[in-house]
Amino acid sequence: MSNFYDKVAGKGWLRRHDGLAAFTITEVVATLTVATLVIIYFSRLVKKLIIKTKPSPLPPGPIGLPILGHRLFIKPDFLQYVTEQSKIHGPIIKLQLGRKVYIIISSPSIAKQILKDHDAIFANRDIPVAAIKGTFGGLDIVWRSNGPELHKLRKLVVSEIMSNKGLNACYEFRRREIRHVVKNINGKIGSLINLSEQIFLTTFNITVNMLWGGSLNGEESNLLLEFKDRFEEFSRLMAELNVSDMFPVLRPFDLQGIESKAKKNVSWFYEFFESVIEQRRKLGEGPKMADSKDFLQQLLELNQIGDVKTSISMKEIKAILLSIVTGATDTTFTTIEWAMTELLRHPDKLRRVVEELDAIIGDQNIVEEFHLPRLLYLEAVVKETLRIHPPAPLLMPHMPSETIVVAGYTIPKNSNIFFNVWTIQRDTQFWENPLQFEPERFLNVIEKRNYKGNSFDFFPFGSGRRICVGISMAEKIVMLMLATLLHCFEWELPNGRKPDVKEKLLLVLSKAEPLIVVPVARSSNSMQYQ
Ligand code: HEM
């Protein structure tokens with residue numbers, strides 16, 4: 001006999017034999033579905049939490065040796081090695097040198113995340129052992145840690161030297177040095193000259209003129225050549241991989257002698273600066289530049305009467321002078337040398353520069369700084385030079401003050417971050433025929449492709465808080481010098497051979513071999529400078 005339960009069971013009821021309760025199939029299915037969904041939801045949540053709490057990986061990179069890391073593989077130079085490794089491992093890579101972690105960025109978007117979005121965190125520097133003594137523990141601008149003191153010094157340089165007023169005030173000093181080099185080359189018409197050396201001496205003299213109103217010419221030119229040698233040694237020591245940096249416990253032993261050599265080398269510069277300061281003290285105020293004072297005068301006044309916010313110690317003055325002389329001389333010199341090299345390799349581009357100079361300056365005038373804003377093609381030549389041959393191809397290393405995740409990778413606190421501007425500025429993703437010297441590519445985008453560091457496929461002066469403080473000075477010196485050399489002279493190549501583009505990386509990426517050329521007078525142009 002079928003009872004009520006038997007009847008409904010066939011229609012989808014489940015029967016409980018204890019007679020207390022019963023569920024429909026629909027209820028059971030619904031319950032199971034909800035349970036499954038809840039399980040899936042929670043398992044995903046747990047997974048997410050696990051992923052969240054699991055640290056992001058370190059950037060990829062080549063496998064290194066235990067303890068030494070990649071120290072033995074960095075051949076022939078650091079730039080070439082990291083460029084090759086980035087091709088293999090991607091736009092953000094990690095290297096280990098002893099205890100030091102190096103992160104190399106070769107993508108504009110990651111560079112932007114670091115230098116724009118997280119600029120404050122990455123605005124520190126990891127001062128190398130070779131620079132510690134020479135900068136009195138990092139009192140200069142280049143190696144000083146981020147903070148109010150750095151801000152004060154940068155502001156001082158930018159507002160005193162690099163302002164329009166500051167730069168215009170010492171134009172006469174630049175003009176004098178330019179006349180001097182033209183006169184010098186004029187005396188060597190038709191013979192082989194080392195143009196690189198002439199350019200170096202002039203950029204150095206322009207820089208020191210702006211700093212303390214003096215230069216090293218005539219009888220003092222031996223001192224100038226010694227300065228050049230000392231400076232080269234300074235660059236070599238700073239660029240050398242130092243085991244004291246890789247293993248701080250070894251620092252007291254100074255195994256490669258780098259620290260002691262650097263100390264000796266920098267002492268020479270400081271003695272030199274001290275003699276200039278001493279002379280200045282004896283003479284009172286320095287040479288007048290229009291209605292302004294030279295930079296040394298400003299610094300000395302701040303040393304004596306500056307308030308808590310602006311006062312500067314004598315040690316700081318010397319360290320700042322060193323960072324400006326070294327920051328300005330080699331970079332501007334290298335840029336001019338590369339621009340001349342590229343123009344001599346590309347006669348059609350050279351012709352266009354000369355046509356522009358003739359149209360704007362003519363043959364009865366000398367090049368003046370007020371002409372420069374109209375020399376648009378020359379400006380494009382300079383930009384193209386800085387694109388292909390950035391003097392600081394990896395910028396200066398930045399150091400994060402905390403561990404941070406960028407582009408999905410953990411960047412450890414106190415690591416050294418390098419930006420491979422050399423690779424980015426030659427990347428086919430952003431540049432058509434990147435290895436061709438084509439100033440024309442800058443002609444229609446001159447505003448977009450500027451030096452302000454806001455376009456991360458072209459930032460030869462860096463970007464953000466540590467961007468170069470000398471951009472306006474560099475622009476003026478490079479343009480004025482190039483315009484003058486090309487307005488006054490034609491240049492012949494020994495045996496008609498084009499100069500090569502072999503690079504040498506110390507602190508800056510310069511030409512491996514100096515530029516040797518023969519100057520030829522261009523009508524009466526150079527005579528105007530007498
Ligand atoms: C073509 C010429 C120049 C180039 C390509 C150049 C490039 C650079 C670069 C790439 C940096 C590092 C930026 C970073 O860390 O992100 C820098 C820093 C610096 N440059 Fe220049 N520079 C040039 C000329 C000058 C001149 C004329 C001066 C003279 C005042 C100068 C003074 C400095 C100083 C003091 C720093 C350190 C800034 C800091 O760490 O806060 N540079 N420069």
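Both ligands and their constituent atoms are indexed starting at 1 by order of listing.
- Side-chain contact between Asn420 and Leu79 is present, with at least one heavy-atom pair separated by less than 4.5 Å.
- There is no side-chain donor-acceptor pair under 3.5 Å between Thr202 and Glu177.
- Close contacts of ligand 1 with Ile141, meaning ligand atoms under 4.0 Å from a residue heavy atom, involve 38 (C), 39 (C), 40 (O), 41 (O).
- Between Leu150 and Arg466 there is a side-chain heavy-atom pair separated by less than 4.5 Å.
- If you number the atoms of ligand 1 from 1 as listed, the ones under 4.0 Å from a heavy atom of Thr335 come out as 1 (C).
- Ligand 1 places these atoms under 4.0 Å from at least one heavy atom of Arg125: 14 (C), 15 (O), 39 (C), 40 (O).
- Residue Ala328 touches ligand 1 through backbone and side chain together, judged by heavy-atom distances below 4.0 Å.
- Listed by atom number, the atoms of ligand 1 under 4.0 Å from Gly327 heavy atoms are 24 (C), 25 (C), 26 (C), 31 (C), 42 (N).
- Between Arg466 and ligand 1, at least one N/O pair is under 3.5 Å apart.
- Those atoms of ligand 1 that come under 4.0 Å of a heavy atom in Val469, given as number and element, are 32 (C), 33 (C), 34 (C), 35 (C).
- Remark: Arg387 is positioned above the aromatic ring of Trp431, its terminal NZ or CZ atom under 6.0 angstrom from the ring centre and at most 45 degrees off the axis.
- In this structure the side chain of Val367 never reaches within 4.5 angstrom of the side chain of Met481, judged on heavy atoms.
- By the criterion of a heavy-atom distance under 4.0 Å, both the backbone and the side chain of Val142 are placed next to ligand 1.
- Contacts between Ala392 and ligand 1 below 4.0 angstrom, taking non-hydrogen atoms only, involve the side chain exclusively.
- Taking the ring centre of Tyr270 as origin, the terminal cationic atom of Lys318 falls inside the region bounded by 6.0 Å and 45° from the ring axis.
- Applying the 4.0 Å criterion to heavy atoms of Pro391 picks out, from ligand 1, the atoms 5 (C).
- At least one N or O atom of Arg154, backbone or side chain, sits closer than 3.5 Å to an N or O atom of ligand 1.
- The protein non-hydrogen atom at the shortest distance from atom 18 (C) of ligand 1 is Cys468 CA, 3.7 Å.
- Residue contact check: Met162 has heavy atoms under 4.0 Å from atoms 30 (C) of ligand 1.
- Residues His398 and Phe122 keep their aromatic ring centres 6.0 Å or farther apart.
- In terms of protein heavy-atom proximity, atom 9 (C) of ligand 1 is closest to Phe461 O, 3.9 Å.
- The shortest distance between side-chain heavy atoms of Phe418 and Ile103 does not fall below 4.5 Å.
- Put simply, no part of Arg144 is less than 4.0 Å from ligand 1, judged by heavy atoms.
- Pairs of residues two or more places apart, or lying in two chains, that qualify as salt bridge (charged side-chain N to carboxylate O under 4.0 Å, His left out) and include a residue from residues 116-131 are Lys100-Asp126, Asp119-Arg465.
- Of all the atoms in ligand 1, the ones that sit under 4.0 Å from a non-hydrogen atom of Leu395 are 10 (C), 16 (O).
- Side-chain N/O atoms of His389 and Glu337 include no donor and acceptor closer than 3.5 Å.
- Under 3.5 Å, the side chains of Trp338 and Glu503 contain no donor-acceptor pair of N or O atoms.
- An N or O contact shorter than 3.5 Å links His398 to ligand 1 by distance.
- Among protein heavy atoms, atom 12 (C) of ligand 1 sits closest to Met396 CG, 3.5 Å.
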